[in-house]
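Residue numbering restarts at 1 for every chain, and letters A, B, ... go by the order of the sequence lines. Treat the numbers as computed from the prediction; the structure is a model and nothing was measured.
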Amino acid sequence: MTGIKILVCAKQIPDPEAPMGSAKIDFENKRMDVSALRQVINPYDENAIEAALKIKEESGGEVTVLSLGHNLDSSLLRKALAVGADRLILVEDPRFEDIDTNSIAQALSAAIARIGEFDLVLTGRQAGDWDSGHTGTVLGEMLGIPTINLARSVKTENGHVNVLKIVPGGYEEVRAALPALVTVSNEVGGLRYPSMKMILLSRRRPVETWKGGDLQVTWDDINGRTITELLAPPDLSRKCRFMEGDAPEEKGRNLATILKREFG
Amino acid sequence: MANRCILVCGETRDGILDERTLEMIGAGRELAGKLGVEIAVALLGDDLDGIAEEISFFGADKIYKVVSPSLGTFAPDLWIRALEELCKQIDPQIVLMLHSTTWMDVGPRLAFRLGSETTTDCVGLEIDEKDGLLLKTKPVFGGNALAVFKCEKLPQFVTVRRNVMKPAARLAAQGEIVDFPVNLDPSMLRVESIKTVKEQAVSLEKANVIVAGGRGIGGPEGFKELEDLAESLKQSFDEVMVGCSRPVVDSGWVPADRQIGLSGAMVQPDLYIAVGISGAIQHLVGMARSRTIVAVNTDINSSIFAVADYGVVDDYKRVIPSLKDRWEELCRDGDKDTCLCKANT
């Protein structure tokens with residue numbers, strides 16, 4: 001089968017690879033102050049985009065990237081177009097700020113209903129902000145389609161999706177009829193780098209921007225996170241003793257001596 | 001909410017019980033005590049007699065054997081369906097599951113079908129005395145904060161991180177074993193299993209020493225230096241393994257079973273040597289409980305040094321070989337008896 005329609009859900013989040021402590025806790029308002037962090041596409045969702053592009057290369061098809069939230073940065077999300085996605089849809093609404101996982105899945109399913117026809121929905125296995133790890137599978141449930149969690153490889157063939165799914169101690173080869181939803185783990189590989197030419201071209205490509213009001217959302221079902229308290233994590237810091245020496249080799253030898261004393 | 005039980009989902013794979021189930025029962029017993037309710041365990045499979053007998057001495061009031069020929073191997077579609085039936089029948093107020101690939105597959109979808117939601121990867125569970133609801137503590141933002149969640153929808157579903165809850169102890173008294181046969185229609189199975197492949201997976205959790213590489217290693221060939229160091233440390237330690245941070249797996253330099261951090265293995269070896277790892281928080285939460293931590297990185301501002309006991313700010317390509325050579329030298333020169341840490345572990 002050629003020309004399948006792939007939808008990838010990609011979330012904009014504060015950089016989860018940022019140095020420790022750069023996300024601050026606003027205890028009073030029970031919120032994270034992430035103003036010091038740059039925004040990125042959730043790394044696992046980047047893996048999902050990469051999986052979609054691999055399918056497109058191998059079997060053809062059209063890749064639509066869908067992002068939903070508040071204050072989305074279209075210049076950041078345009079990266080999806082630069083690496084080879086065909087269509088980028090941003091759904092923005094202040095009412096989507098800080099909503100819980102089920103609500104995100106509700107809103108995504110409403111956006112997918114507006115998109116219309118699709119064969120395969122891909123999401124990252126979890127997002128690096130709240131690390132809930134169930135938006136994807138719950139979305140599959142809402143869409144009422146076969147759902148496969150934790151893929152390390154995704155391929156399509158003859159109206160089916162073939163997935164190598166991560167299981168304890170190995171992997172399981174599974175298969176489902178399309179349409180289906182698959183959550184993608186980082187083993188599929190990091191997102192490819194866009195070429196300078198593609199970056200320049202993508203700047204001229206259209207980005208479709210929808211509002212919450214464009215979707216058939218039952219707003220009563222959209223809820224904020226029910227956090228009763230936000231606490232500081234246990235302190236992980238230690239006092240580091242730096243090795244001295246004129247050359248790296250000397251530092252290495254000194255380290256060996258100290259470790260030998262400690263463990264010998 | 002009175003008298004609605006706490007249900008623990010037993011972690012089994014191919015008919016074998018994972019002893020982590022006892023951690024869930026331990027946590028469940030404590031909560032059940034506070035709420036004054038019963039605790040039940042659900043086991044799923046095609047033949048559960050042995051496991052049910054085994055688990056019945058750990059303090060659960062009831063053990064439900066959810067049995068069907070098609071539950072013998074793990075198929076999420078059918079497991080969700082079977083538990084949906086059990087939950088509708090016994091109407092638990094809390095459902096406890098291990099934070100594992102099995103229950104991450106089942107829990108969130110099952111909760112949705114029952115009109116509720118799941119809080120995943122919890123590290124603390126308490127009862128709110130005001131309303132009897134479950135307070136669920138979970139690390140968020142890669143471990144930069146702990147959030148306490150509360151959900152009014154019932155049942156309250158949680159997946160619980162391993163190694164956090166105290167396992168239930170064996171008792172003399174035995175819980176009641178209840179048969180719960182389910183009829184599963186094959187049409188419910190929408191994902192077909194073709195085959196399962198066991199891999200020679202590395203279990204980093206067992207290592208005494210881990211030599212871990214990050215993006216700063218520069219490429220797959222750089223891991224040779226780490227393998228060499230690991231090899232010579234094997235003279236002195238039982239289990240020495242090479243691990244890595246997530247960007248290394250994303251780049252395809254090292255297989256995913258070597259990944260350490262929030263989405264990989266959570267480890268606490270005696271000695272952790274981090275090489276070319278900058279120390280993103282999601283990596284740190286996976287290794288910061290190691291007994292001794294060594295960091296080698298060219299950038300003194302890397303977060304990894306904040307959690308390290310010993311630091312080397314320099315090029316690993318020159319530091320690691322000399323560390324290795326000197327270690328071997330010291331092992332050769334030293335009194336054999338004092339050298340062998342193996343003897344002490």
Side-chain angles (χ1 to χ4, degrees), chain A residues 16-17 19-21 23 25 32 100-102 128-134 137-138 141 146-150 152 166-176 186-187 189-190 226-233 236-238 240-243 248-249 251-253 255-258 260 262-264, chain B residues 13 101 104-105 108-109 112 117-118 120-121 135 140-151 190-199 201 246 249-252 256 280-282 284 288 292 303 305-315 318-319 322-323 326-327 330 334 338-339 341:
Chain A
E17 299 286 330
M20 184 167 56
I25 305 172
M32 291 302 287
D100 69 18
T101 308
N102 275 13
D129 48 1
W130 294 94
D131 284 311
S132 299
H134 55 173
T137 54
V138 170
E141 195 67 28
T147 299
I148 300 168
N149 200 29
L150 292 187
R152 64 180 220 185
I166 298 166
V167 296
Y171 64 90
E172 184 181 7
E173 192 180 333
V174 298
R175 180 180 145 90
N186 54 310
E187 289 85 339
T226 49
I227 294 177
T228 59
E229 220 177 336
L230 209 50
L231 309 166
L236 302 175
S237 63
R238 302 183 186 189
C240 184
R241 175 175 166 194
F242 287 97
M243 296 299 112
E249 288 80 6
K251 295 177 190 172
R253 282 194 296 274
L255 178 60
T257 310
I258 287 170
K260 195 72 187 48
E262 190 169 328
F263 288 95
Chain B
R13 270 272 166 184
T101 55
M104 279 304 286
D105 224 330
R109 284 190 273 171
F112 175 75
E117 59 195 48
T118 309
T120 58
D121 199 16
L135 295 168
V140 295
F141 285 81
N144 271 305
L146 294 170
V148 183
F149 289 88
K150 190 160 91 170
C151 168
R190 299 208 284 174
V191 178
E192 179 197 354
S193 176
I194 295 164
K195 63 171 186 231
T196 299
V197 178
K198 292 271 174 220
E199 287 182 308
R246 192 180 76 197
V249 172
D250 285 12
S251 304
I281 182 87
Q282 66 93 15
L284 300 185
T292 298
S303 304
F305 290 122
V307 302
D309 301 291
Y310 303 109
V312 183
V313 184
D314 225 316
D315 180 6
R318 293 173 64 186
V319 174
S322 64
L323 166 62
R326 181 68 182 146
W327 184 270
L330 290 167
T338 58
C339 165
C341 315

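- Interatomic distance, NZ of K195(B) versus OH of Y171(A), reported as 6.0 Å (0.5 Å rounding).
- Here the shortest heavy-atom pairing between A147(B) and I227(A) reads CB-CD1, 4.3 Å.
- The two atoms that bring T196(B) and E172(A) nearest to each other are OG1-CG, 3.5 Å, heavy atoms only.
- Across S193(B), A256(B), G142(B), the residue that shares the most heavy-atom pairs under 4.5 angstrom with chain A is S193(B).
- Both the backbone and the side chain of D105(B) come within contact range of chain A, with heavy atoms under 4.5 Å apart.
- When only modelled atom types and interatomic distance are considered, T292(B) and E262(A) share a side-chain donor-acceptor pair under 3.5 Å.
- Of the listed residues I281(B), D309(B), V319(B), the one with more heavy-atom pairs under 4.5 angstrom with chain A than any other is D309(B).
- Side-chain contact between E17(A) and R246(B) is present, with at least one heavy-atom pair separated by less than 4.5 Å.
- Per-residue counts of heavy-atom pairs under 4.5 Å with chain A were compared for V191(B), D315(B), T101(B); the largest is that of V191(B).
- V307(B) and R238(A) make their closest contact through O-CD, 3.2 Å (heavy atoms, listed as atom of the first residue, atom of the second, distance).
- You'll find the side chain of R109(B) reaches within 4.5 Å of the side chain of T147(A), heavy atoms only.
- Residues N144(B) and P233(A) come closest through the heavy atom pair O-CD, 3.2 Å.
- Of all the listed residues (T118(B), V249(B), L146(B)), the one sharing the greatest number of non-hydrogen pairs under 4.5 Å with chain A is L146(B).
- E117(B) contributes atom CD, which lies 5.0 Å from atom CG of D100(A) (distance to the nearest 0.5 angstrom).
- Between V197(B) and E173(A), the closest side-chain pair of non-hydrogen atoms is not below 4.5 Å.
- When each of P146(A), G190(A), G189(A), P16(A) is scored by its heavy-atom pairs under 4.5 Å with chain B, the top score falls to P146(A).
- Of the possible polar contacts, none joining the T226(A) side chain to the C151(B) backbone as a donor-acceptor pair under 3.5 Å is found.
- Nearest approach of G133(A) to M104(B), heavy atoms of both residues: O-CE, 3.1 Å.
- Taking 4.5 Å as the limit, some side-chain heavy atom of L135(B) sits within range of a side-chain heavy atom of T228(A).
- Under the side chain to side chain contact (heavy atoms under 4.5 Å, CB included) criterion, C240(A) pairs with F242(A), F305(B), A308(B), not counting sequence neighbours.
- Smallest separation of non-hydrogen atoms from D314(B) and K251(A): OD2-NZ, 2.9 Å.
- Heavy-atom distances place the side chain of F112(B), and not its backbone, under 4.5 Å from chain A.
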